[in-house]
Amino acid sequence: MGYKVAIAGATGNVGREMLNILAEREFPVDEIAALASRRSLGTEVSFGDKTLKTQDLDTFDFTGWDIALFAIGSDATKTYAPKAAAAGCIVIDNSSLYRYDPDVPLVVPEVNADAVMGYSKKNIIANPNCSTAQMVVALKPLHDRARIKRVVVSTYQSVSGSGKEAIDELWNQTKGLYVPGQEVEPSVYPKQIAFNVIPHIDVFMEDGSTKEEWKMVAETKKIVDPSIKVTATCARVPVFVGHSEAINIEFEEFLDEDEARDILREAPGVMVVDKREDGGYVTPVECVGDFATFISRIRQDSTIDNGLNIWVVSDNLRKGAALNAVQIAEVLGSRVLKKG
Ligand code: 2RA
């Protein structure tokens, strides 16, 4: 006995990964609906060894459906999430629309799975921003051992975080640099992304930070602990998939690097790859398609009393979005819906 599951945004990068991961993890599905906008009607998407034809999200009736995974952006979510929730379908939303709503749980199952039980206020559960998800998976086990005071994070985010057009822009712009007459001007990004780094993701805020940086601060506080101070610099790099983060942590008490490494080795969702030698660390190209949050370069920060530096890499389409949403569905299945 399984669940009736709908995927809204089934033709996007994240929507396709949601279908892939539901199949890979053999989530108990009795019926599945791939939903998309009218212009994508009939597009074929894969679900394991099956092929689904997309249905029209606008006219879809969510009545009798158990779970809907949403990956359609905040604007469309504003229209369709309340409709699905009102029909009794629990929405797991990947957009930022509901993340900061006090009546909507923001969940990373390895960190705060219990928060799922707050779903019933709006029948909606929010998925965090991709750059937040991998960071809090790394922070939580360390915070449980030596309470974190402050986090300084620099991110190196892949272009797939911006969608299919950005992947095409990086590819074509890179190619165009080698083929005279095929130069590609920046369009998705304000500056060239090929062989470059852009210190700007999302819109600028009043204080000079960007909304991506604000999200990492606000979401870490909601998911892990509101007392943790976070400052972030989020940059876009010429990588197709896989976000990397250099994280500096200040604790309330001293935490030895070897103990930190042992704690992380045992932490849920974490894979430690940490040898002080050539190649003894993880890079984005190695994380693609994997479920794990990889942690390398674990070392003391001796410039402060209780400091530690780590390097965190994860597939932003998986742990950063689709996998986390499916893991929330798994928690719902085991604790709330109890079929399967
Ligand atoms: C990005 N975190 O990387 C944002 C949204 N996916 O572009």
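Counting begins at 1 with the first residue of the sequence. One-based numbering, in listed order, for ligands and for the atoms of each.
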Discussion item. Same cluster or not: Leu35 versus Tyr80, using hydrophobic residues (I, L, V, M, F, W, Y) connected whenever any side-chain heavy atoms lie under 4.5 Å apart?
Written reply: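 Both belong to a single hydrophobic cluster.
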
Worksheet item: Less than 4.5 Å apart, any side-chain heavy atom of Glu253 and any of Arg147?
Response: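 No, too far: nothing below the 4.5 Å cut-off.
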
Worksheet item: ring pair (Phe, Tyr, Trp, His ring centres under 6.0 Å) with Phe62: which residues, sequence neighbours excluded?
Response: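 For Phe62 the ring pair (Phe, Tyr, Trp, His ring centres under 6.0 Å) partners, ignoring immediate neighbours, are Phe60.
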
Worksheet item: If you measure from the Lys or Arg side-chain nitrogens to the Asp or Glu carboxylate oxygens, is any gap between Asp144 and Lys140 under 4.0 Å?
Response: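 Looking at Lys140 together with Asp144, the answer is yes, because their closest N to O distance falls below 4.0 Å.
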
Worksheet item: Between Asp101 and Lys121, does at least one N-O distance fall below 4.0 Å, as a salt bridge requires?
Response: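 Between Lys121 and Asp101 there is no salt bridge, as every charged N stays at least 4.0 Å from the carboxylate O atoms.
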
What are the distances between nitrogen or oxygen atoms of ligand 1 and protein nitrogen or oxygen atoms, counting only those under 3.5 Å?
unit_1   : atom_1 : unit_2 : atom_2 : d
ligand 1 : 2 (N)  : Asn129 : OD1    : 2.8
ligand 1 : 2 (N)  : Glu212 : OE1    : 3.4
ligand 1 : 2 (N)  : Glu212 : OE2    : 2.6
ligand 1 : 3 (O)  : Gln157 : NE2    : 3.1
ligand 1 : 3 (O)  : Arg236 : NH1    : 3.1
ligand 1 : 3 (O)  : His243 : NE2    : 3.3
ligand 1 : 6 (N)  : Gly161 : O      : 3.0
ligand 1 : 7 (O)  : Gly161 : O      : 3.0
ligand 1 : 7 (O)  : Arg236 : NH1    : 3.3
ligand 1 : 7 (O)  : Arg236 : NH2    : 2.6

Worksheet item: How about Asn316 and Gln157: does a side-chain donor come under 3.5 Å of a side-chain acceptor?
Response: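 Short answer, no.
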
